[in-house]
Every structure is written in C-alpha cells, then in structure tokens.
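Index from 1, following the sequence. Just so you know, ligand 1 is whichever comes first in the structure, and atom 1 is the first atom listed for that ligand.
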Amino acid sequence: MFETLSDRLTSALQNLRGKGKLTDADVDATAREIRIALLEADVALPVVRTFINQIKQRAKGAEVSQALNPAQQVIKIVNEELVGILGGETRRLNLAKNPPTVIMLAGLQGSGKTTLAGKLAMHLKKQGHAPLLVACDLQRPNAVTQLQVVGERAGVRVFAPEPGNGVGDPVAVARDSVAEARSAQHDVVIVDTAGRLGVDEEMMRQAADIRDEVEPNETLFVVDAMIGQDAVSTAEAFRDGVGFTGVVLTKLDGDARGGAALSVREVTGAPILYASNGEKLEDFDAFHPDRMASRILG
Ligand code: GDP
C-alpha cells in the first residue's frame, strides 16, 4: 500500500530541493505533480481538488522561514494537509458511561467484518475489557461458525442463536446479547452483522433495525481498502442507509494504491478509528493519521 503514491510524492517534492526561493510557477508545477500522484492512487476527485487548492494557497502565501528552506516548507504543508484529510487527531473509541458499550460492525460481505470483530475483541481484552462477540449474520450458514472460530482464537465468548432454531432473528439476537452482557458482566458488546457482496436494501434495512434495537455507541463501517474508488460510493450508501460513527480500513497490507484510505474520511466526515493489515488477529491497530501521513511521505 502507498508505495507508488509515496514514490510519486517524493519525486514531485524532490524538484523543489536546492531552490532558494519558490515562485508561484514552482508551486503550480509541484501541485500538478501531486495532483497526478493522488489521482493515480485512486483518491476521489473532490478530495484531490480540496487538497491541491489548500497546498497551493498555503505554499504561495507561506512566510519566508529562517528555519526551513522552500522544499522543506512545502513538504511540511503537504504533510499537515495529509494528516488533515486522514482525520487529524487519533479518534478513540466512544465508551458508554453505563456499560455495556455496544459496537456494531457494518460493511459488505468479504470486507473483513468477522475477522475485525475478533481483532477488536482481542485488542479490547488486552486493554482490560471483557468483550462479548455477537453473531447477527444469520444469513450465511457459515458466518456463525466463522465468528465462533475467531472468538476462540481471540479467547472471547461468542453469543449466537442455538443451532437448530431455524434461521433466527438478528434483531432479537442483538437485543438478547445486550441483556446477556449486562447479567454476565461483559462491558463491551461487538455485533457482527450480515453483509452482501454489493449494496443491497434488505441488508441496509436489517442493519438499521439492529441499530434501532440496540442503539450502538459506535457503528463502525468496515471497508476493504483494496476496492479503490468503490470504497467511496459504498461508504456513501452505508452512511445514508445505516449511518456510522467511524470507519475501519481493512487489508492495508494489500498492494492497493491507497485512494480509499485517503478519501473515506474526507468524503463521509466520519473518522477512521482502526486499521487492519493482515489475516492474523494481531494484524490490527488504532489508526493514527500522523503516522499514516509519514508513511506516505516516506
Ligand atoms: P466478512 O465477510 O466481512 O465477515 O469478512 P471476513 O472477516 O470473513 O474476511 C474476508 C476475507 O478477508 C477472509 O479471507 C479474511 O481472512 C480476509 N481478511 C480480513 N481482514 C484482512 C486484512 O486486514 N488483510 C488481509 N490480507 N486479509 C484480510
């Protein structure tokens, strides 16, 4: 992830090195190269436009600095703007004042929700929480089993409908899980919901029904960073159909160009809370905009 973008940005900024003074033409030329680098990395067009305008405006108006040469000054501006579109400050999980905290996961099938449920559960367990994983994806026959496998690996209990009780009602399972969490002293409930391969009204309605029933403290939209530009339209569909308070990027270990990671926050306004970068439960961390920006700028 980000290798090409990182190379392209580095070379765009390289051309400024050694210049004693930046003319507007220098800034324009650099901005053009940055624009191409971002578009090639699949960053959404409105995000590219805002980004480039900011860079131009700030670089042209920059005070002559004693401490930084022109190239360093532009690099600093690009870095700050990258941190900005990635969300600025690291956003922490919103915990309920009266536990349990309910976290609902929503996203397309294959986006990595079930894996993430295990990762998040393990992460929270390490921080001293006692999470309960809840299987509300009752559409795919294997989904419940898959969550149980993940739960076992994470060492976290899984709440699921009894086998043999028919398909089951995900809304009822979600409601019962919160009651169970209260009585069994689980302070966090992580609800895994059903996804489809594409955006689908029935899936949205089900997720919205679960949301209305359990009123989550956080609804996290889980998105596969490998789907590129589609990440933005999928995020918009989930924002309108279910609504979410935060984003989790998965598969950041892949060789995608990074556009999704750079667009979703700016387009939806929702902060990125976590990043998932591998199939193992340990391949997971809180999302830090500043670290990601440094990684991109090399
Ligand atoms: P769900 O359908 O949304 O519940 O998605 P799953 O959790 O079943 O994940 C779909 C596939 O993606 C599985 O094969 C996972 O092992 C894989 N996967 C999930 N997260 C990551 C990740 O961060 N990196 C990689 N490389 N694979 C992942």
Side-chain angles (χ1 to χ4, degrees), residues 1-3 103-124 131-154 156 158-161 167-168 170 173-174 177 189-200 202-204 206-207 210-211 216 218-228 230-231 233-235 237-239 241-242 244 246-262 264 272-288 291-292 295:
M1 185 75 75
F2 296 129
E3 276 91 3
I103 304 168
M104 177 170 129
L105 308 181
L108 295 182
Q109 184 181 320
S111 59
K113 279 189 303 302
T114 305
T115 312
L116 171 80
K119 290 178 175 188
L120 185 57
M122 199 168 83
H123 178 79
L124 292 171
L132 179 66
L133 283 166
V134 183
C136 281
D137 181 356
L138 308 180
Q139 243 123 40
R140 272 193 310 135
N142 278 336
V144 175
T145 319
Q146 201 194 335
L147 188 68
Q148 278 161 336
V149 170
V150 163
E152 202 161 306
R153 272 163 52 203
V156 170
V158 175
F159 185 87
V167 173
V173 173
S177 75
V189 174
I190 302 171
V191 181
D192 188 19
T193 64
R196 299 276 168 85
L197 288 174
V199 171
D200 162 304
E202 168 63 24
M203 163 184 74
M204 291 289 180
Q206 190 182 90
I210 297 174
R211 175 204 65 202
E218 295 275 14
T219 301
L220 301 181
F221 168 62
V222 182
V223 61
D224 176 346
M226 303 282 283
I227 67 173
D230 283 347
S233 52
T234 310
F238 272 86
R239 180 195 58 197
V242 189
F244 50 83
V247 177
V248 181
L249 295 171
T250 64
K251 311 193 193 178
L252 284 181
D253 51 314
D255 59 1
R257 290 169 283 187
L262 281 167
V264 168
I272 303 169
L273 265 72
Y274 298 103
S276 199
N277 55 359
E279 295 194 73
K280 294 204 293 294
L281 292 186
E282 294 76 18
D283 300 330
F284 172 80
D285 204 355
F287 184 80
H288 302 289
R291 288 189 210 163
M292 187 60 88
R295 207 174 116 190

Notebook entry, point to check: Between Gly168 and Pro170, which heavy-atom pair has the shortest distance, and what is it?
Noted result: O-CD, 3.5 Å
Next item on the list: Run the contact test for Gly254 against ligand 1 with a 4.0 Å cut-off on heavy atoms, strictly below, and give the result.
Entry: no
Notebook entry, point to check: Just which atoms of ligand 1 are under 4.0 Å from any heavy atom in Lys119?
Noted result: 23 (O)
Check: Hey, which atoms in ligand 1 end up nearer than 4.0 Å to a heavy atom of Leu108?
Finding: 3 (O)
Notebook entry, point to check: So, does Ser111 sit close enough to ligand 1 that a heavy atom of it is under 4.0 Å from the ligand?
Noted result: yes
Margin query: Please find the pair of heavy atoms, one from Pro216 and one from Met104, that lie closest to each other, and give the distance.
Written below: CG-CB, 3.9 Å
Margin query: Tell me whether Lys113 contacts the main-chain N or O of Gly107 through its side chain, where contact means a donor paired with an acceptor under 3.5 Å.
Written below: yes
Notebook entry, point to check: Of all the heavy atoms in Gly278, does at least one lie under 4.0 Å from an atom in ligand 1?
Noted result: yes
Check: What are the atoms of ligand 1, with element, lying closer than 4.0 Å to any heavy atom of Ser276?
Finding: 23 (O)
Next item on the list: Taking Thr114 for its side chain and Leu147 for its backbone only, find out whether a donor-acceptor pair lies under 3.5 Å.
Entry: no
Item checked: Atoms of ligand 1, numbered as shown, that sit under 4.0 Å from any heavy atom of Lys113 -> 1 (P), 3 (O), 4 (O), 5 (O), 7 (O)
Notebook entry, point to check: Mind checking whether Asp192 has an N or O less than 3.5 Å away from an N or O of ligand 1?
Noted result: no
Item checked: Aromatic centroids of Phe244 and Phe238 separated by under 6.0 Å -> no
Checklist line | Among Lys251, Lys280, Glu279, closest by any non-hydrogen atom to atom 16 (O) of ligand 1 | finding: Glu279
Next item on the list: Report the part of Asp253 (side chain from C-beta onward, or backbone N, CA, C, O) that has a heavy atom under 4.0 Å from ligand 1; answer both or neither where that applies.
Entry: side chain
Next item on the list: Name the closest protein heavy atom to atom 19 (C) of ligand 1, giving the residue it belongs to and the distance to 0.1 Å.
Entry: Thr115 OG1, 3.6 Å
Notebook entry, point to check: What's the shortest heavy-atom distance between Ala231 and Val223, and which atoms?
Noted result: CB-CG2, 3.8 Å
Next item on the list: Check Gly198 against Leu108 and note the closest heavy-atom contact, atom names and distance.
Entry: C-CD2, 3.6 Å
Notebook entry, point to check: Which of the atoms of ligand 1 are close to Asn277, meaning less than 4.0 Å from one of its heavy atoms?
Noted result: 23 (O)
Check: Which atoms form the tightest heavy-atom contact between Leu281 and Lys119, and what is the distance?
Finding: O-CG, 3.4 Å
Next item on the list: Could you tell me which atoms of ligand 1, counted from 1 in the order shown, lie closer than 4.0 angstrom to a heavy atom of Gln109?
Entry: 2 (O)
Check: N/O of Gly112 under 3.5 Å from N/O of ligand 1, yes or no?
Finding: yes
Next item on the list: Would you mind telling me which of Ile210, Thr219, Leu105 makes a side chain to side chain contact (heavy atoms under 4.5 Å, CB included) with Val191?
Entry: Ile210
Item checked: Distance-minimising heavy-atom pair for Leu273 and Gly246 -> CD1-CA, 3.9 Å
Next item on the list: Would you please determine whether Asp137 falls within less than 4.0 Å of ligand 1 on a heavy-atom basis?
Entry: no
Next item on the list: Would you check whether Leu252 has a nitrogen or oxygen atom less than 3.5 angstrom from a nitrogen or oxygen atom of ligand 1?
Entry: no
